[in-house]
Amino acid sequence: RVEGLSAENIKSRLHALDGQYNGAASTLLIDLKAGYEAELNEQGCIDFDDMIGIASTLTSSSIFKPTWDHILVDEFQDISSARMDLLTALLDGKPEATLTAVGDDWQSIFRFSGGKLELTTRFDQAVGPHCVTKIEDTFRYNQSIAETAGRFVMQNPEQYQKSVRAQEDCGRPA
C-alpha cells in the first residue's frame, strides 16, 4: 500500500521475478490488500500510509500551503517514495525553505515499510544540490566490529563508501 500499487502492478512485479508461486503470491497479496482496505473503509479509518498520501495530495494541490522556513527530516535513511513525494510537495510549496535531512545510509533497515535506500544515496536526483556530511565516527562499538560491519555493508554498491572509525580499538576480533 505504501507504494500505491494497483492489482496489475502487484501481478507484474511478482511475475517479473520468475518464481514458481508468483501467481499464488500475487493473488494472496491482492486479496489481503483489498480486505485490509475494505476493513479500513468499513471502520471509517485511515492508516499511516493514508495520512502520508492525503497530506501529499493536499499539499500538491495547494489546498495546504506550507509556511515553514525550515524543514527537518530525521531518520532520512528510511524514507519511502510516498514520504519523498510529500517532502517534495512541501518543498515545491515553499521553494525558499531550507531542508535538513539527517540519515545514515548504513542504518537503512526499513525496506519492509517502504524505505528506499536509493532516495538517501541519490539525494541529488530527488531534491537537487546539497551538501553531504558522512557519519564516520562511532561510539557504539569497537574498531574490530566497525571493520567487519563495513566490509559487509559496503558490498552493496548503493551504500556510500566510507571508513567508520571507533573510539575503541580492542586490537583483537570481537
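Since this is a predicted model, take the numbers as computed values, not measurements.
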Report yes or no: does Q143 contribute a side-chain atom to a donor-acceptor pair with the main-chain N or O of A166 at less than 3.5 Å? yes

Tell me if a side-chain donor or acceptor on E136 pairs with a main-chain N or O of S163 at a distance below 3.5 Å. yes

Check for me, please, whether F48 and F76 land in the same ILVMFWY cluster - side-chain distances under 4.5 Å, paths through other members count. yes

If you group Ile, Leu, Val, Met, Phe, Trp and Tyr by side-chain heavy-atom gaps below 4.5 Å, do M51 and I54 land in one group? yes

Tell me whether Y21 shares a hydrophobic cluster with L28, the cluster being built from Ile, Leu, Val, Met, Phe, Trp, Tyr side chains joined at under 4.5 Å. no

Expected output: side-chain S60 to main-chain T57 donor-acceptor under 3.5 Å: no

Side-chain donor-acceptor pairs of residues 3-10 under 3.5 Å, sequence neighbours excluded:
from	atom 1	to	atom 2	distance (Å)
E3	OE1	R13	NH1	3.1
E3	OE1	R13	NH2	2.7
S6	OG	E8	N	3.4
S6	OG	N9	N	3.1
S6	OG	N9	OD1	2.9
N9	OD1	S6	N	3.1

Could you give the side-chain donor-acceptor pairs of residues 85-96 under 3.5 Å, partners two or more places apart or in another chain?
from	atom 1	to	atom 2	distance (Å)
T88	OG1	M84	O	2.8
K94	NZ	T67	O	3.1
K94	NZ	D69	OD1	2.8

Would V73 and V102 satisfy side chain to side chain contact (heavy atoms under 4.5 Å, CB included), going step by step from the backbone distance to the final call? CA-CA 6 Å; V73 181; V102 179; over 6 Å; no

Say whether L119 and I71 are linked into one hydrophobic cluster, either directly or through other cluster members, by side-chain heavy-atom distances under 4.5 angstrom. yes

In terms of hydrophobic clusters joined by side-chain contacts under 4.5 Å, are W68 and V127 together? yes

State, yes or no, whether a side-chain contact exists between L40 and I46 at a heavy-atom distance under 4.5 Å. no

Verdict with supporting geometry, H130 and D124, side chain to side chain contact (heavy atoms under 4.5 Å, CB included): CA-CA 7 Å; H130 64 288; D124 58 329; 3.4 Å; yes

S113: partners by side chain to side chain donor-acceptor pair (under 3.5 Å), with sequence neighbours left out: none

Dump the intermediate steps for side chain to side chain donor-acceptor pair (under 3.5 Å) on K116 and S80, then the final yes or no. CA-CA 5 Å; K116 291 189 170 184; S80 67; over 6 Å; no

Are K162 and D105 close enough for a salt bridge, meaning some N to O gap below 4.0 Å? yes

Taken to the nearest 0.5 Å, the spacing of T100 OG1 from H70 NE2 works out to 8.0 Å

Please report the closest heavy-atom contact between D104 and Q77, naming both atoms and the distance. N-OE1, 3.0 Å

T120 to Y160 - nearest heavy-atom pair and separation: O-OH, 3.4 Å

Residues forming a side chain to side chain donor-acceptor pair (under 3.5 Å) with E37, sequence neighbours excluded: R1, K33

Do the side chains of T138 and R165 get nearer than 4.5 Å, heavy atoms only? no

Do V164 and W106 come close enough that some side-chain heavy atom pair is under 4.5 Å? yes

Will you find, in the side chains of Q161 and Q159, an N or O donor that is under 3.5 Å from an N or O acceptor? no

Show the nearest heavy-atom pair for residues A101 and F123, with the distance to one decimal. CB-CE1, 4.0 Å

Can you name the nearest heavy-atom pair linking I52 to A82, along with the distance? CG2-O, 3.6 Å

Apply side chain to side chain donor-acceptor pair (under 3.5 Å) to Y36 and list each qualifying residue two or more places apart in sequence or on a separate chain. D47

I need the S12 OG to L17 CG distance, nearest 0.5 Å. 10.0 Å

Pairs of donor and acceptor atoms involving the side chains of residues 148-157, under 3.5 Å and at least two apart or interchain, shall be tabulated with distances.
from	atom 1	to	atom 2	distance (Å)
T148	OG1	S144	O	3.0
Q155	NE2	R151	O	3.4
N156	OD1	E158	N	2.9

